[in-house]
Number of protein chains: 2
Amino acid sequence: MENIPKISDAEWQVMKVLWEKSPITANEIIARLEDEQSWKPKTIRTLINRLVGKNAVGFDKDGRQYLYYPLLPEADCVRDEARSFFGRMRAGVLKPMLAAFIEQQKLSKDEIEELKRMLDR
Amino acid sequence: MENIPKISDAEWQVMKVLWEKSPITANEIIARLEDEQSWKPKTIRTLINRLVGKNAVGFDKDGRQYLYYPLLPEADCVRDEARSFFGRMRAGVLKPMLAAFIEQQKLSKDEIEELKRMLDR
DNA sequence: TTAGATATATTACATATGTAATCTTTCTTT
DNA sequence: AAAGAAAGATTACATATGTAATATATCTAA
């Protein structure tokens, strides 16, 4: 695997939007984030540009607008974050947390089977 | 539950040591971290002091040494981190995350069985 | 064709973080 | 008692991050 650049907390929100739908314009990103976040449009543009600088996001020109899209697979980034997250915790505290998480998620039968298969490895 | 201060990545390593055993001296913290981390003793002292500044760690004087101990419950910090971690992810990316978890943790047979039982709910 | 409007580019600035080194105060050991 | 060792306090400094504002280029409407 390549080295995935560090994506900050705020930048993750932008990536989430792009993984949901892309390519999209900066204004669409802004529109999708303004409900949940209290960021000014300029702030969001800064985040987008930083992600471009990190090669996490690319764009094509469409007239004088840009159409942005993610350059990194979501699964890779998630895996990376998870690894660092789990790396911070001591082993003992993870199981209860994971238990709560699994309970909270509604998993399909298929997903459950797949998880069990992963556990068997 | 008060407002838990932000604990950085590096600071987490110090907190882990303190949750494992406390109160302990700075030198003991350093000794326990030097195997895993490649930090200089001074670096670790800086981290300790920052944690003290954040009221995440307290100390008692023992002669001219200090004995440090955590001021924050591990469970609270873990919950906080987990919340922020899950907040970054879109729903449906659970599987890669679990893959990382399973890979990272060395789970015993018992633990695997326990997780499978949880999945069977 | 000219003044907005609008998109992107550049600049700003405080705080956080990683990563230490140097300074000061005490203990110890000759 | 003086010098060196050791603990803690203070200072350092580059990069990251949150959070924008200002500058510039370009399109559009009057």
Side-chain angles (χ1 to χ4, degrees), chain A residues 3-18 23-69 77 80-81 84-85 87-88, chain B residues 3-18 23-69 77 80-81 84-85 87-88:
Chain A
N3 38 326
I4 298 208
K6 282 293 157 232
I7 298 188
S8 82
D9 219 53
E11 288 162 2
W12 258 89
Q13 301 308 123
V14 174
M15 292 305 286
K16 274 208 290 192
V17 168
L18 289 173
I24 56 177
T25 65
N27 279 139
E28 273 181 85
I29 296 173
I30 289 165
R32 281 157 175 270
L33 282 175
E34 271 187 334
D35 321 344
E36 318 156 38
Q37 309 293 148
S38 57
W39 292 326
K40 299 285 159 60
K42 301 290 189 180
T43 298
I44 297 172
R45 277 169 189 282
T46 296
L47 296 173
I48 295 169
N49 285 140
R50 286 184 181 166
L51 287 166
V52 170
K54 290 178 181 181
N55 286 311
V57 165
F59 61 85
D60 293 323
K61 297 189 197 212
D62 172 37
R64 67 176 182 141
Q65 295 198 147
Y66 292 173
L67 291 174
Y68 296 94
Y69 50 85
C77 291
D80 219 59
E81 280 294 308
S84 112
F85 170 70
R88 299 163 153 218
Chain B
N3 36 325
I4 297 209
K6 281 294 156 227
I7 299 188
S8 82
D9 221 52
E11 288 161 0
W12 258 89
Q13 302 308 124
V14 174
M15 292 305 286
K16 274 206 291 192
V17 169
L18 289 173
I24 56 177
T25 65
N27 278 139
E28 274 181 83
I29 296 173
I30 289 166
R32 281 157 176 271
L33 282 175
E34 272 189 333
D35 323 344
E36 317 155 38
Q37 310 294 147
S38 58
W39 292 326
K40 299 285 158 61
K42 300 291 190 183
T43 299
I44 297 173
R45 277 168 188 283
T46 297
L47 296 173
I48 295 169
N49 285 141
R50 284 182 183 166
L51 287 167
V52 170
K54 289 178 180 181
N55 287 310
V57 165
F59 61 84
D60 292 324
K61 299 193 195 208
D62 173 36
R64 66 175 180 143
Q65 293 197 147
Y66 292 173
L67 291 175
Y68 296 94
Y69 50 85
C77 291
D80 220 60
E81 281 294 307
S84 112
F85 170 71
R88 298 160 154 222

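Worth knowing before you read on, the calculation uses all heavy atoms, side chains too, and leaves out hydrogens, waters and symmetry mates. Numbers restart at 1 for each chain; the letters A, B, ... are given by sequence-line order, proteins then strands.
The residue among A:S38 and A:K6 whose nearest nucleotide of DNA chain D lies closer to the 5′ end is A:K6. Looking at which nucleotide of DNA chain D each of B:Y66 and B:R50 is closest to, the 5′-most match is held by B:Y66.
The shortest non-hydrogen separation linking B:I48 to B:Y68 is CG2-CE2, 3.4 Å. Considering all non-hydrogen atoms of both residues, A:S8 and B:R88 come closest at C-NH2, 4.1 Å.
Nucleic acid contact class of A:K42 (heavy atoms, under 4.0 Å, all strands): base. Within 4.0 Å (heavy atoms only), B:K54 reaches sugar-phosphate atoms of the nucleic acid but no base atom. Residue A:S8 is in sugar-phosphate contact alone, with no base atom involved, counting any heavy-atom pair closer than 4.0 Å across all strands shown.
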- May I have the step-by-step check of side-chain contact (heavy atoms from CB on, under 4.5 Å) for B:E11 and B:R50, ending in yes or no? CA-CA 8 Å; B:E11 288 161 0; B:R50 284 182 183 166; 3.7 Å; yes

- Message: Apply side-chain contact (heavy atoms from CB on, under 4.5 Å) to residues B:L67 and B:I24 and explain how you reach the verdict.
- Response: CA-CA 5 Å; B:L67 291 175; B:I24 56 177; 5.7 Å; no

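Under the 4.5 Å side-chain criterion, counting only non-hydrogen atoms from C-beta, A:I4 is in contact with A:C77. Considering only heavy atoms from C-beta on, B:V17 stays 4.5 Å or farther from B:E28 through its side chain. Using a 4.5 Å heavy-atom threshold, the side chains of A:L33 and A:W39 count as touching.
For DNA chain D, the contact window with chain A, defined by any atom under 4.0 Å from a protein heavy atom, covers D:dT17 to D:dC27 in 5' to 3' order.
Distance from the side chain of A:R45 is smallest to C:dA7 among C:dA7, C:dT10, C:dA20.
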Using a cut-off of under 3.5 Å, enumerate the N/O to N/O pairs linking the protein to nucleotides 26-29 of chain C.
{"unit_1": "C:dT26", "atom_1": "O2", "unit_2": "B:R64", "atom_2": "NH1", "d": "3.3"}

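Judged purely by atom type and a 3.5 angstrom limit, A:K54 uses its side chain to pair as donor or acceptor with the backbone of A:K6. In terms of modelled atom types and a separation under 3.5 Å, the side chain of A:T46 and the main chain of A:K42 share a donor-acceptor contact.
Between B:L47 atom CG and C:dA21 atom P there is a gap of 14 Å when expressed in whole angstrom units. What separates CG of A:N27 from C1' of C:dT6 is a distance of 8 Å, to the nearest Å.
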